[in-house]
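First up is the structure itself, then whatever we jot down about it.
Atoms considered below: every heavy atom in the structure, side chains included; atoms not considered: hydrogens, waters and symmetry mates. Indexing begins at 1, ligand by ligand and atom by atom, following the structure's order.
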Amino acid sequence: MTGSQRAARVIAVANQKGGVGKTTTAVNLATALAACEQRCLLLDLDPQSNATTGLGLERPKAADSIYAGLIQGRDLAALTVKTKVPRLELIPATVDLAGAEVELGQEGEGREARLTQGLASQRSVYDYILIDCPPSLGFLTLNALVAADAVLVPLQAEYYALEGLSHLLRTVERVKRSFNADLEILGVVLTMIDRRTSLSEMVEADVRAHMGNLVFETSIPRNVRVSEAPSHGLPALLYDLSCQGSQAYLKLASELLRRESARVAA
Ligand code: ADP
Ligand code: MG
C-alpha cells in the first residue's frame with residue numbers, strides 16, 4: 001500500500017471492566033501489527049496512562065498529551081511520539097485525562113465527536129490506529145467508539161464474563177443508532193486463559209457457544225512474562241519474543257490481518 005492510498009482502520013480496544021487485558025492487548029497487538037509491516041498508531045485514552053508507561057515513555061505535560069487534542073483541539077500529529085518499536089507511534093496520556101471526562105460532560109453538541117475530528121487527518125498516515133480505552137463507558141470511551149471503525153473486546157475468562165459483555169454490546173448498539181452507524185464489532189479476544197484450570201476452559205467454551213465467529217480463534221494465555229514486560233517499559237514482544245504470550249499476540253495479529261483481508265475482499 002502506498003502512503004497516499006492508506007486509510008487506517010481505527011480499532012477501539014474497549015471493555016468497561018478494568019484489569020481484563022485491554023492495555024496489554026492494545027500494546028502487544030499494535031507491536032505485533034507493526035512487526036507485520038503495518039504502520040500503527042496507539043492512542044492512549046486512559047488517565048492511568050498504562051500504555052504510555054508500558055512502552056517506556058514518560059507521561060508528558062498535559063499540553064503534549066491526548067488531553068490537549070481532545071480539549072484544546074491541538075493537532076494530533078503534533079502530539080505523536082515515536083516508540084522503541086519500528087512503525088509504532090503513540091499519542092500519550094496523562095492523569096489530566098480524568099478531567100477531560102468531566103469537561104467533555106459539561107460541553108454541548110459535538111462532545112462525543114472530538115476524537116473523530118482529531119483523527120480524520122491521521123487516517124491517511126497509518127494502516128491501523130488502536131485506541132486503548134479506560135475502564136468505563138463515559139465520554140472518553142464514547143469518543144473512541146464514535147471515532148472507531150471497529151471495536152475489539154478483550155474478555156478475561158472468568159465467571160460473569162458474558163454479563164459484562166452484554167452491557168458493552170448494548171452500548172455499541174446505542175452508539176451505532178445515534179452517532180456511528182458503521183461501527184462494527186471486530187471481535188472478542190479471550191485473555192489470561194489458564195489451561196490448568198477447568199474454569200478457564202468452561203468460560204471459553206461458553207463464550208464461544210454464545211458469540212460464535214465473533215470470538216477470535218487465538219486466545220491469549222496467562223503468562224508471567226507478559227505481566228513483567230511493562231515494568232521494563234517494553235511490549236512483551238520486545239521483552240521476550242519467544243514466550244507464549246508474545247507468540248499468542250503475533251498469532252492474533254495474523255488472524256486479524258486475515259480477517260481484514262477477507263472483509264475487504266467481501
Ligand atoms: P486493562 O487495561 O483492561 O485494565 P491490563 O492490560 O492492564 O488490563 O491487564 C491487567 C493486569 O493483568 C496487568 O497487571 C497485566 O500485566 C496483567 N496481564 C494482562 N494480560 C496478561 C497475560 N496474558 N498474562 C499475565 N498477565 C497479564
Ligand atoms: Mg488499561
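- For atom 21 (C) of ligand 1, the nearest protein heavy atom (residue, atom name, distance) is Met192 CG, 3.5 Å.
- In this structure, Pro221 counts as a contact residue of ligand 1, since one of its heavy atoms falls inside 4.0 Å of the ligand.
- Given atom 7 (O) of ligand 1, the protein heavy atom at minimum distance is Thr23 CB, 4.0 Å.
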Is there a side chain to side chain donor-acceptor pair (under 3.5 Å) between Asn143 and Thr141 once you walk through the steps? CA-CA 5 Å; Asn143 264 267; Thr141 298; over 6 Å; no
Walk me through whether Arg208 and Leu190 qualify under side-chain contact (heavy atoms from CB on, under 4.5 Å). CA-CA 10 Å; Arg208 290 190 186 281; Leu190 289 154; 4.1 Å; yes
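- One N or O on the side chain of Lys22 and one on the backbone of Lys17 form a donor-acceptor pair closer than 3.5 Å.
- Heavy-atom separations between Pro230 and ligand 1 are all 4.0 Å or longer.
- Scanning the protein for heavy atoms near atom 10 (C) of ligand 1, the closest one is Gly19 CA, 3.7 Å.
- Checking Thr23 against the Mg ion (ligand 2), an N/O/S atom falls under the 2.8 Å cut-off.
- In this structure, Gly245 has no heavy atom closer than 4.0 Å to ligand 1.
- Stacking of Arg259 on the aromatic ring of Phe216 is recorded, both the 6.0 Å distance cut-off and the 45° axial limit being met.
- Nearest non-hydrogen protein atom to atom 17 (C) of ligand 1 is Ser227 CB, 4.3 Å.
- The protein non-hydrogen atom at the shortest distance from atom 8 (O) of ligand 1 is Gly21 N, 3.0 Å.
- Residue contacts with ligand 1: Asp132 is placed with no nitrogen or oxygen under 3.5 Å of a nitrogen or oxygen of the ligand (distance criterion only).
- With a 4.0 Å cut-off on non-hydrogen atoms, Ile220 touches ligand 1 through its side chain and not its backbone.
- In this structure, Arg9 fails the cation-pi test against Tyr128, since its NZ or CZ atom is not both closer than 6.0 Å to the six-membered ring centre and inside 45 degrees of the ring normal.
- Looking only at heavy atoms of the protein, atom 24 (N) of ligand 1 is closest to Asn223 N, 2.8 Å.
- Atom 15 (C) of ligand 1 is approached by the protein to below 4.0 angstrom, counting heavy atoms only.
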Could you walk me through whether His167 and Leu137 pass the side-chain contact (heavy atoms from CB on, under 4.5 Å) test, one step at a time? CA-CA 10 Å; His167 186 189; Leu137 294 174; 3.8 Å; yes
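- Looking at Asp46, Thr24, Asn15, Thr191 and measuring to atom 6 (O) of ligand 1, the nearest heavy atom belongs to Thr24.
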